[in-house]
Every structure is written in structure tokens, then in C-alpha cells.
Chemist: 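Please find one structure pasted underneath; my questions will follow.
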Amino acid sequence: MTTPTSSRPGRPDRERIDFGLAAVAALTPPGELLAEAGTLGIEFEPGDLGQLGRFLAMLLAANRQANLTSITEPAEAWRKHILDSLTLLQVLAEIPEGGRVIDVGTGGGLPGIPLAIVLPTLRFTLLEATGKKVEFLKQAAAALGLANVEIVQGRAEGLGQDRGEKTGTGRKGGHREQYDAVVARAVGAINVLAELTVPLAKPSGVVALIKGQKAAEELEAAKEALHQLKAVHEATIETPTGRIVVLSKGAATPKMYPRRDGEPNRAPIGSKVK
Ligand code: SAH
């Protein structure tokens with residue numbers, strides 16, 4: 001279920017911590033959360049809320065060891081983590097059964113794990129660079145019994161250039177242009193994040209970024225980046241917890257993107273940094 005594709009050299013297994021997640025008791029959702037989810041049109045299947053509550057409890061319990069979130073108050077965490085993640089459902093609703101979604105820079109599993117819990121027919125790849133967080137994700141996914149989740153330790157720059165291996169009938173494996181949807185939250189401003197996410201989406205795929213107050217400002221600053229990446233701003237959707245910026249691919253991503261590790265952040269496309 002979990003395949004670490006790359007790990008940072010020179011960092012031995014000191015992250016191998018047992019988070020003891022099996023013993024963690026589920027949190028119950030506050031009434032307001034259910035009401036707000038209802039206004040979003042979210043209908044939970046039996047068992048979903050229990051799984052979401054277990055995941056949230058695991059995240060807060062492991063936080064002491066792995067620094068996964070600054071939000072530690074349960075009611076606030078239900079809203080800012082679970083509900084905020086689930087606002088993406090309206091964008092993912094159209095993906096057919098068996099479709100693939102990648103969460104870039106998932107951290108402690110947001111928004112990827114709540115989405116994987118409520119969308120069991122889609123296949124999720126959770127991408128995270130940090131070993132300790134990856135270790136938590138593996139243990140949480142196993143404790144929750146999530147069969148539709150694959151956890152990958154690596155960087156978006158590397159995966160975005162990974163075309164897989166040549167076989168007699170085409171290419172196998174790889175991540176570039178393989179996903180029906182690419183999602184991300186709190187990984188960077190749009191001019192940086194577009195380079196990390198757009199290359200992973202299929203030509204027919206969609207990129208959905210959870211953003212806050214600065215969405216419009218960031219989009220303005222990302223004009224050149226979107227142009228270079230041949231990405232199109234489709235919509236900005238207001239949600240109870242923020243905004244979703246939806247991008248599509250006007251054409252295949254030029255080969256040079258994403259650039260090497262760290263470069264998107266160091267010198268965002270269209271910025272004057274050299
Ligand atoms: N999405 C989570 C975590 C946000 S913190 C949430 O909303 O809570 C940003 C995370 O992205 C960090 O865990 C960091 O390690 C990871 N990250 C940053 N740049 C990355 C990259 N280029 N590739 C993969 N992961 C990255």
C-alpha cells in the first residue's frame with residue numbers, strides 16, 4: 001500500500017517512531033459541523049464520521065511527536081481541517097470511479113485523508129517530503145484500513161518529471177500527467193504551487209487549490225506562471241472556510257517544468273529573482 005519512491009540521502013531511519021495510533025479513541029463531530037456540511041451538500045455514508053473522527057484524533061495525538069498542525073482544539077480542528085478538506089468534494093464529484101487524485105504536500109494528511117475516507121471509489125496518492133510526516137501517514141492509513149491510499153515520500157518537482165519506465169506497450173508507473181485531480185492546501189503561493197501541481201494533472205485533469213483571503217492577489221501574481229505552464233484559471237469558488245482556486249490545462253505542460261528541487265520556490269516563474 002505504501003511505496004516510498006525517494007528519501008533524502010543522509011537521513012537515516014531516525015523517523016521510525018511508533019505513534020501508537022491503534023489505541024486512539026475517535027472524536028465526535030460538533031453539531032454545527034454537521035449543519036455546515038449539510039449546507040455544502042455533503043452527505044456522509046454510515047461509518048464516514050467515525051473514520052473522520054478517528055483520523056482527527058490520531059492527528060492531534062501524533063502532533064506532540066511530529067508537529068503536524070497548530071490547531072489543537074477539537075471543534076476548531078473539525079472545521080479548519082475536516083470541513084475545509086471536504087469543501088473540495090464539489091470539484092472532485094465529477095471524477096469517475098477508479099479515478100486518481102494526488103495531494104501535494106499533504107503534511108499530516110490534509111486534505112487527502114478526509115477526502116479518501118468519503119470517496120472510497122477514487123484512488124489517492126499522498127505526497128509528502130518529510131520523513132516523520134510520512135511515517136505518521138503510513139501508520140494512520142493502516143490504522144484506518146484505507147485501501148485507496150498510497151503514500152509517497154518525495155518532492156513534487158521530482159514526481160512532476162517522473163514519466164515512468166518504458167515497456168513494450170508504452171510507459172508504466174510515473175506520475176507526470178497521470179492524475180484526474182491534483183489538490184493542495186497550505187503549500188505555497190499560486191505562482192509557486194502551480195509549477196508543483198499542474199505537471200501532475202492529465203491534460204483533461206483539474207487542479208484544485210485550497211486558498212484563503214489572498215486568492216485573487218496570488219492569482220494576479222501568478223499570471224505569467226500560469227501562461228508559461230499553459231494552465232488556465234477556471235474558477236474561484238467561495239466556501240464556508242475559504243476559497244478553492246480551480247485550474248485546468250490548456251495544453252500539455254512544457255517539458256522544462258517543473259524545474260529542479262527547490263527552484264519553483266527560490267525563483268517563481270515570472271518573478272525577477274535570478
Ligand atoms: N497540506 C497540509 C500541510 C501543509 S504544510 C495541510 O494543509 O495541513 C506544507 C507541507 O508540504 C509540508 O509538510 C512540507 O513538507 C510539504 N512540501 C513542501 N514543498 C513540497 C514539495 N516540493 N514536495 C512535496 N512536499 C512538499
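Starting from 1, each residue takes its place in the sequence as its number. We count ligands from 1, going down the list as the structure has it; atoms in each ligand are counted the same way.
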Chemist: Specify the protein heavy atom at minimum distance from atom 18 (C) of ligand 1: its residue, its atom name, and the distance to 0.1 Å.
Modeler: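 In this structure, atom 18 (C) of ligand 1 has Val187 CG1, 3.9 Å as its nearest protein heavy atom.
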Chemist: I'd like to know if Lys80 pairs up with Glu76 as an ion pair, taking the criterion as any Lys NZ or Arg NE/NH1/NH2 lying under 4.0 Å from an Asp or Glu carboxylate oxygen.
Modeler: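 Result for this pair is yes, salt bridge flagged.
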Chemist: One residue to check: Asp261. Relative to ligand 1, which of side chain, backbone, both or neither has a non-hydrogen atom less than 4.0 Å away?
Modeler: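 Neither; no heavy atom under 4.0 Å.
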Chemist: Is there a nitrogen or oxygen of Leu196 sitting under 3.5 Å from a nitrogen or oxygen of ligand 1?
Modeler: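 No, Leu196 has no N/O under 3.5 Å of an N/O on ligand 1.
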Chemist: Taking non-hydrogen atoms only, is Lys133 closer than 4.0 angstrom to ligand 1 via side chain, backbone, both or neither?
Modeler: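 For Lys133, only side-chain atoms sit under 4.0 Å from ligand 1.
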Chemist: Counting heavy atoms not belonging to Glu73, are there more than 12 under 6.0 Å from its CD?
Modeler: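 Counting other residues, nucleotides and ligands, CD of Glu73 exceeds 12 neighbours.
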Chemist: If we ignore hydrogens and angles and just use 3.5 Å, is the side chain of Glu234 paired with the main-chain N or O of Val246 as donor and acceptor?
Modeler: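 Flag not set: sc Glu234 to bb Val246 has no pair under 3.5 Å.
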Chemist: Quick test: of every protein heavy atom, which one is nearest to atom 24 (C) of ligand 1, and how far off is it to 0.1 Å?
Modeler: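 Ranking protein heavy atoms by distance from atom 24 (C) of ligand 1, first comes Gly154 O, 3.4 Å.
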Chemist: Donor-acceptor pairs under 3.5 Å, side chain of residues 46-53 to any protein atom, not counting sequence neighbours: which ones?
Modeler:
| residue | atom | partner | partner atom | Å |
| --- | --- | --- | --- | --- |
| Asp48 | OD2 | Glu45 | N | 3.1 |
| Gln51 | OE1 | Arg54 | NH1 | 3.3 |
| Gln51 | NE2 | Leu144 | O | 2.9 |

Chemist: Among all the protein's heavy atoms, is there at least one whose distance to atom 9 (C) of ligand 1 comes out below 4.0 Å?
Modeler: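 Under the 4.0 Å cut-off, atom 9 (C) of ligand 1 does have protein heavy-atom neighbours.
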Chemist: Is a side-chain N or O of Glu128 found less than 3.5 angstrom from the main chain of Gly107, in a donor-acceptor match?
Modeler: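 Present.
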Chemist: Below 4.0 angstrom from a heavy atom of Thr130, which ligand 1 atoms are there? Numbered from 1 as shown, please.
Modeler: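 Near Thr130, the atoms of ligand 1 are 15 (O).
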Chemist: Any side-chain donor paired with an acceptor under 3.5 Å for Gln161 and Glu157?
Modeler: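 Checked: Gln161/Glu157 side chains show no N/O donor-acceptor pair below 3.5 Å.
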Chemist: If I apply the N/O under 3.5 Å rule, does Gly105 come out as touching ligand 1?
Modeler: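 Yes - when backbone and side-chain N and O of Gly105 are compared with those of ligand 1, one distance drops under 3.5 Å.
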Chemist: Please report which non-hydrogen protein atom sits nearest to atom 14 (C) of ligand 1, along with the residue it belongs to and the distance in Å to one decimal place.
Modeler: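 Closest protein heavy atom to atom 14 (C) of ligand 1: Glu128 OE2, 3.5 Å.
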Chemist: Any atoms of ligand 1 less than 4.0 Å from a non-hydrogen atom of Gly107? List them with their elements.
Modeler: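 In order of number, 3 (C), 13 (O).
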Chemist: Answer yes or no: is there a donor N or O on one side and an acceptor on the other, between the side chain of Lys249 and the main chain of Lys202, under 3.5 Å?
Modeler: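 Pair absent, no side-chain N/O of Lys249 close to backbone of Lys202.
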Chemist: Quick one: look up the protein heavy atom nearest atom 22 (N) of ligand 1 and list residue, atom name and how far away it is.
Modeler: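 Here the closest protein heavy atom is Glu157 OE1, 2.9 Å.
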Chemist: Quick check: Ala186 and ligand 1, any N/O pair under 3.5 Å apart?
Modeler: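 N/O-N/O distance below 3.5 Å does not exist for this pair.
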Chemist: Answer whether the closest heavy-atom distance between the side chains of Pro30 and Arg79 falls below 4.5 Å.
Modeler: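 Not in contact.
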Chemist: For atom 21 (C) of ligand 1, which of the options Gly160, Gly112, Ser85, Ala156 provides the nearest non-hydrogen atom?
Modeler: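 Among Gly160, Gly112, Ser85, Ala156, the closest heavy atom to atom 21 (C) of ligand 1 belongs to Ala156.
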Chemist: List ligand 1 atoms under 4.0 Å from Arg185, heavy atoms only on the residue side.
Modeler: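 With Arg185 as reference, the close atoms of ligand 1 come out as 1 (N), 2 (C), 4 (C), 6 (C), 7 (O), 8 (O).
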Chemist: Take atom CD of Glu217 as the centre, draw a 6.0 Å sphere, and report whether it contains more than 12 heavy atoms from other residues, nucleotides or ligands.
Modeler: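 Incorrect, the count does not exceed 12.
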Chemist: Keeping to residues at least two apart or across chains, list the ring-ring contact (aromatic ring centres under 6.0 Å, His included) pairs with something in residues 109-157.
Modeler: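 Residue pairs passing ring-ring contact (aromatic ring centres under 6.0 Å, His included), neighbours aside: Phe19-Phe136.
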Chemist: Check if Gly188 has a non-hydrogen atom at a distance under 4.0 Å from any atom of ligand 1.
Modeler: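 Heavy atoms of Gly188 never come under 4.0 Å of ligand 1.
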Chemist: Within the 4.0 Å heavy-atom shell around Ala129, which atoms of ligand 1 are there?
Modeler: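 Per the distance check, 24 (C), 25 (N).
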Chemist: Between Thr87 and Leu40, is there a side-chain heavy-atom distance shorter than 4.5 Å?
Modeler: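 Yes; the side chains approach each other to less than 4.5 Å.
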Chemist: Can you sort out which atoms of ligand 1 are near Arg155, meaning under 4.0 Å from one of its heavy atoms?
Modeler: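 Under 4.0 Å from Arg155, ligand 1 has these atoms: 22 (N), 23 (N), 24 (C).
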